Amino acid sequence: MTGSPPIHINTRIRENAENLAAALEHHMLKNFAPDARKELRLFSAGEAAELLGISSSFLRKLHFDGRIADVFTTSGGRRHYSVANLNAIRAVLDNTAKTQGSYLKGRRPGENVQVLSFLNFKGGSGKTTSAIHAAQRFALKGYRVLAVDIDPQASLTTLFGYQPEVDFLHSGSIYDAIRYEDPLPFSSIIQKTYFTGLDLAPGGLILQEFEHETPTALRNNLQPPFFSRMATALQEVEANYDIIVFDCPPQLGYLTMSALCASTGVLITVVPNMLDVASMSQFLQMSADLLDVVSNAGARMDFDFLRFLINRYEPSDGPQQQVVAFLRQLFDKEVMVAPMLKSTAISDAGLTQQTIYEVERSAFHRSTYDRAIESLNSVNDEIESLVQQAWGRH
């Protein structure tokens, strides 16, 4: 009796890849019309007040006194606000505030753009989820934000409603701005998104070319070197932004190093179990060794802050609590106070390629949604306070 015929792994993987690509395309077409781009929902009066940092009653009074323009109102009299509405209201409030900048919190003349890298050695650590929610929360609070996807898997780009394997397969990704041969201006690859105040520099598989080409570039002494290419490319557009958010690949390659050397702040996501912590230990050791090398080669190594962000945290899980206590004891204030809770709401939103800030509260069990949004807001507002401190404000 003969056994099964051997599997030609190259053929089988190609078939799997083609089948998956076709299924994903079908999923995208079912959820989004072929040429449609995602649109951001409107926000309720309660959400608007929270984002503006005022009470709901004060927001109502602003309308009643005619100090702010009308917004979309349902037949039942409920007001709904776009991000553009929120930004216009902030401008009105800041005009009459005792302290200028109370409502417009972006950077001021003489302050540096804040460049935040979200990274981890392992996939599945919630890195992309953390990065996109931070970028969106900043935009909702009136900052000018650029999200930069330097992961060849391009999950962040996908969450913005693109199909990287189609839209940016050969051109249009961040690779074009940092490649060694004829790089394009950074401004030419920036995509406006459906999220007011939030632009995207897309990722894509072609980014792997940067990893392959860098050793040759180093041998040939091509300038600028890999570690300063990102910072150099960003200089063209940084005046347009308050905050730049990098979603790094889950490995310590040339792409991650180039982002780190352009950064002012680093957020290392860590899932609180000992396997992940052991993996992070190796990651930190390797990072330190490599950063020594690029520092000796002339890379800038001055950061405003480094924080460990506890991710996918389950407060009722005893072993997780022990790991978090261990990390806090070890790293003290470098562990963020607010952890990112593990939430079915976040993963469920991801099924339709959305974030918690994009979905309607009514789409979820209320307490599940409220727990997720409270956790995300706490994390992102803590990051915001680090940014404000870096600008010398408190």
Side-chain angles (χ1 to χ4, degrees), residues 38-44 46-54 81-87 89-90 102-107 113-118 126-149 155-156 159-161 193-200 241-247 263-267 269 305 307 309-313 336-341 343 345-347 349-350 353-361 364 369-391 393:
K38 291 172 74 174
E39 277 183 24
L40 184 58
R41 67 183 179 92
L42 299 177
F43 294 85
S44 69
E47 289 173 316
E50 188 272 328
L51 288 165
L52 293 165
I54 60 176
Y81 300 77
S82 68
V83 180
N85 294 150
L86 296 178
N87 288 340
I89 295 169
R90 277 190 192 100
S102 299
Y103 296 95
L104 298 175
K105 294 183 177 177
R107 68 183 175 126
V113 64
Q114 284 290 303
V115 185
L116 312 180
S117 274
F118 285 78
K127 183 177 49 61
T128 301
T129 304
S130 303
I132 193 166
H133 281 98
Q136 290 184 346
R137 177 75 171 169
F138 283 133
L140 289 172
K141 294 192 91 175
Y143 294 90
R144 301 168 303 158
V145 187
L146 174 65
V148 185
D149 189 355
S155 304
L156 187 86
L159 279 167
F160 278 104
T193 73
Y194 57 93
F195 225 101
T196 303
L198 176 51
D199 293 347
L200 170 71
Y241 300 102
D242 303 314
I243 299 170
I244 297 172
V245 173
F246 276 111
D247 184 27
S263 296
T264 58
V266 175
L267 294 130
T269 56
F305 61 86
R307 288 293 184 276
L309 167 52
I310 306 293
N311 230 311
R312 303 171 75 88
Y313 180 53
M336 285 182 60
V337 175
M340 184 88 83
L341 296 182
S343 168
I346 294 173
S347 41
Q353 288 168 353
Q354 289 180 297
T355 67
I356 283 290
Y357 293 134
E358 294 172 60
V359 293
E360 300 275 0
R361 184 173 181 235
F364 294 96
Y369 177 88
D370 290 347
R371 267 181 74 243
I373 205 106
E374 196 178 314
S375 164
L376 283 164
N377 288 350
S378 299
V379 166
N380 292 325
D381 293 353
E382 190 175 334
I383 298 172
E384 182 189 9
S385 71
L386 291 168
V387 165
Q388 291 285 325
Q389 281 168 33
W391 284 333
R393 308 181 213 159

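Index from 1, following the sequence. Predicted model, so just to flag it, every value in this text is computed and none were measured.
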Next item on the list: Show the numbers, then the answer: is there a side-chain contact (heavy atoms from CB on, under 4.5 Å) between Arg41 and Glu360?
Entry: CA-CA 8 Å; Arg41 67 183 179 92; Glu360 300 275 0; 3.8 Å; yes
Next item on the list: Using the salt bridge (Lys or Arg N to Asp or Glu O under 4.0 Å) rule, take Lys141 and Glu50 through it: C-alpha gap first, then chi angles, then the decisive distance, then the call.
Entry: CA-CA 9 Å; Lys141 294 192 91 175; Glu50 188 272 328; 5.5 Å; no
Checklist line | Chi angles and distances behind the side-chain contact (heavy atoms from CB on, under 4.5 Å) call for Asp381, Arg137 | finding: CA-CA 8 Å; Asp381 293 353; Arg137 177 75 171 169; 3.0 Å; yes
Check: Passes side chain to side chain donor-acceptor pair (under 3.5 Å), Glu358 versus Tyr194? Steps please.
Finding: CA-CA 11 Å; Glu358 294 172 60; Tyr194 57 93; 3.0 Å; yes
Notebook entry, point to check: Please walk me through it: do Leu52 and Tyr81 pass side-chain contact (heavy atoms from CB on, under 4.5 Å)?
Noted result: CA-CA 11 Å; Leu52 293 165; Tyr81 300 77; over 6 Å; no
Checklist line | Test side chain to side chain donor-acceptor pair (under 3.5 Å) applied to Ser263 and Ser117, step by step | finding: CA-CA 6 Å; Ser263 296; Ser117 274; 2.8 Å; yes
Notebook entry, point to check: After noting the C-alpha distance and the side-chain angles of Asp242 and Lys105, does the key distance pass the salt bridge (Lys or Arg N to Asp or Glu O under 4.0 Å) rule?
Noted result: CA-CA 9 Å; Asp242 303 314; Lys105 294 183 177 177; over 6 Å; no
Check: What do the steps show when you test Val245 against Val148 for side-chain contact (heavy atoms from CB on, under 4.5 Å), and what is the final call?
Finding: CA-CA 6 Å; Val245 173; Val148 185; over 6 Å; no
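Between Ile244 and Leu116 there is no side-chain heavy-atom pair separated by less than 4.5 Å. Between Phe305 and Val266 there is no side-chain heavy-atom pair separated by less than 4.5 Å. The shortest side-chain heavy-atom distance between Met336 and Leu267 falls under the 4.5 Å cut-off. Looking only at side-chain heavy atoms (C-beta outward), Thr196 and Leu40 stay at 4.5 Å or farther from each other.
Closest approach of Leu198 and Ala139 over heavy atoms only: CB-CB, 3.9 Å. Scanning all heavy atoms of the two residues, the minimum distance from Leu309 to Ala338 falls at CD1-O, 4.0 Å. What you find for Tyr369 and Ile356 is that their closest heavy atoms are OH-O, 3.7 Å.
Between the side chain of Glu382 and the main chain of Val337, a donor-acceptor pair closer than 3.5 Å is present. In terms of modelled atom types and a separation under 3.5 Å, the side chain of Gln136 and the main chain of His133 share no donor-acceptor contact. When atom types are taken as modelled, the side chain of Ser82 and the backbone of Asn85 share a donor-acceptor pair closer than 3.5 angstrom.
Arg371 pairs by the salt bridge (Lys or Arg N to Asp or Glu O under 4.0 Å) definition with nothing, not counting sequence neighbours. Partners of Gln388 by side-chain hydrogen bond (donor to acceptor under 3.5 Å, both in side chains), not counting sequence neighbours, listed by chain and number: Tyr143, Arg393. Among residues two or more places apart in sequence or in another chain, the side-chain hydrogen bond (donor to acceptor under 3.5 Å, both in side chains) test is passed with Tyr241 by Asp199.
Tested against Ser130, the residues Thr269, Asn311, Asn380 include a single side-chain hydrogen bond (donor to acceptor under 3.5 Å, both in side chains) partner, Asn311.
Note that the OH atom of Tyr103 and the CG atom of Asn87 stand 15.0 Å from one another [nearest 0.5 Å].
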